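Let me begin by presenting the structure, written as structure tokens, before commenting on it.
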Number of protein chains: 2
Amino acid sequence: MVTPVTFKKSAEVTEETCREAGMTIAELLGRVGGKWTIFVIIMLSEGPRRFSELKRDIEGISQKVLTSTLRDLEKDGFVTRKVTPSIPPRVDYALTELGQDLRGPLMALSSWAVVNRNRVAAAREAFEARQTEEPAKIAYFR
Amino acid sequence: MVTPVTFKKSAEVTEETCREAGMTIAELLGRVGGKWTIFVIIMLSEGPRRFSELKRDIEGISQKVLTSTLRDLEKDGFVTRKVTPSIPPRVDYALTELGQDLRGPLMALSSWAVVNRNRVAAAREAFEARQTEEPAKIAYFR
DNA sequence: CAGCATCCTTCACGATACTG
DNA sequence: CAGTATCGTGAAGGATGCTG
């Protein structure tokens, strides 16, 4: 099974459109490139979650970072924050329509990472090997 | 015109596959999320470039950062580095096949950023507005 | 429970100077 | 030209303690 993802050619990214778009792309990558952002989005892709659920299921994240990550995503309109003023309080987070829309290209990139992990790993080993040997350099002048 | 991009469902990214993939996705986003990485990839998408060309055309980047960005991309196998030991020296950078492959999902995400920039901007303004007002809070208890 | 406040460490990025 | 070396800075992330 194949999930098709399309995007308009008119939105093609070149050196030209890059200047025109200003820092838009870098901004998005900066946001999405946060250490934990992608995991939060993946979690919320499966449905709304409470703060404590996210905290528990995303192993290793601190509550401070989770809070700021969610706040940033809220600012950009990717998630909603619904407070239920009970005791104890309850806060539910969910993806907005904008957040859902982002999933397509983001998951495409994630899938690429998973599918091509071996190629990257191989490239890293090859690079390491190149650095370790370094044979013909001094010998060249003898 | 529409450029279709497809990816296998088998590479779907869920909470499960996320653990299984370890930090792969976060690693890629970390690399690609570097402040200048995307611009370097976009430049090289149009063909091989010399170091000085990249330095000149990517406004604002320092040579130190450009060097390390290119070195990182080389380590992961996204670009090649070809040295011509002339005087003055000449170094050409180009995308590898792996780097070319990455362009698809990366440009899809970039296009999304360009197309949806207004929605994000609107969301930010709405968020700001929400913070500025903050009316029903004390009044609620009177 | 869901945070905010505070302090601390690390590191990406930047500016500058020097070199084969 | 294409780097390396060094120093400085701010922002991101993390640990801990306190609170409505």
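Proteins get letters first, then strands, A, B, ... in listed order; numbering begins at 1 in each. Keep in mind it's a predicted model, so treat the numbers as computed, not measured.
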Item to check | Any B:Y93 side-chain N or O less than 4.0 Å from OP1/OP2 of D:dC1 | outcome: no
Item to check | Gap between atoms CZ and P, on B:R90 and D:dA2 respectively (whole Å) | outcome: 8 Å
Checklist entry - B:W36 CH2 to C:dA12 C1': how many Å, rounded? => result 13 Å
Checklist entry - In whole angstrom, what separates B:L29's CG from D:dG13's P? => result 13 Å
Checklist entry - Do the side chain of A:T84 and the main chain of A:S86 share a donor and acceptor less than 3.5 angstrom apart? => result no
Next on the checklist: Between B:S52 and D:dA2, is there a contact of a side-chain N or O with OP1 or OP2 at under 4.0 Å?
Outcome noted: yes
Checklist entry - C:dG3, D:dG20, D:dG3: which one has an atom nearest the side-chain heavy atoms of B:V91? => result D:dG3
Next on the checklist: Checking contacts here: which listed nucleotide (D:dC1, D:dG3, C:dA2) is nearest the side-chain heavy atoms of B:R50?
Outcome noted: D:dC1
Next on the checklist: Applying salt bridge (charged side-chain N to carboxylate O under 4.0 Å, His left out) to A:R49 and A:E46, what does each step give before you reach the verdict?
Outcome noted: CA-CA 9 Å; A:R49 290 281 188 283; A:E46 299 163 7; 3.5 Å; yes
Item to check | Option from B:L44, B:V32, B:V40 for which side-chain contact (heavy atoms from CB on, under 4.5 Å) with B:L73 holds | outcome: B:V40
Checklist entry - Rounded to whole angstroms, how far apart are CD on B:E59 and P on C:dC13? => result 19 Å
Checklist entry - Given A:D92 and A:R90, is the salt bridge (charged side-chain N to carboxylate O under 4.0 Å, His left out) satisfied, shown in steps? => result CA-CA 7 Å; A:D92 291 270; A:R90 174 198 178 98; 2.8 Å; yes
Next on the checklist: Working note: A:K75 + B:E125, criterion salt bridge (charged side-chain N to carboxylate O under 4.0 Å, His left out); need CA distance, chi angles, decisive distance, verdict.
Outcome noted: CA-CA 9 Å; A:K75 278 181 199 170; B:E125 283 179 35; over 6 Å; no
Next on the checklist: Applying a 4.0 Å non-hydrogen cut-off, can you work out what B:R81 is touching in the nucleic acid: base, sugar-phosphate, or nothing?
Outcome noted: sugar-phosphate
Checklist entry - What residues in residues 61-76 of chain B put a non-hydrogen atom under 4.0 Å from any atom of DNA chain D? => result B:Q63, B:K64, B:T67, B:R71
Next on the checklist: Let me spell it out: for each of A:P89 and A:G34, pick the nucleotide of DNA chain D with the closest heavy atom. Which residue's pick is nearer the 5' end?
Outcome noted: A:G34
Checklist entry - Just how far, in rounded Å, is C1' of D:dG13 from CD1 of A:I58? => result 15 Å
Checklist entry - Rounded to whole angstrom units, what separation is found between the NZ atom of B:K55 and the C1' atom of D:dC1? => result 12 Å
Item to check | Hydrophobic cluster membership, B:V114 vs A:L98, 4.5 Å side-chain cutoff | outcome: yes
Item to check | Interatomic distance where NZ belongs to A:K82 and P belongs to C:dA2 [whole Å] | outcome: 13 Å
Item to check | Whole-Å gap separating P (D:dA2) and CG (B:L54) | outcome: 9 Å
Checklist entry - Which of these, A:T69, A:D76, A:T37, sits in a side chain to side chain donor-acceptor pair (under 3.5 Å) with A:R31? => result A:D76
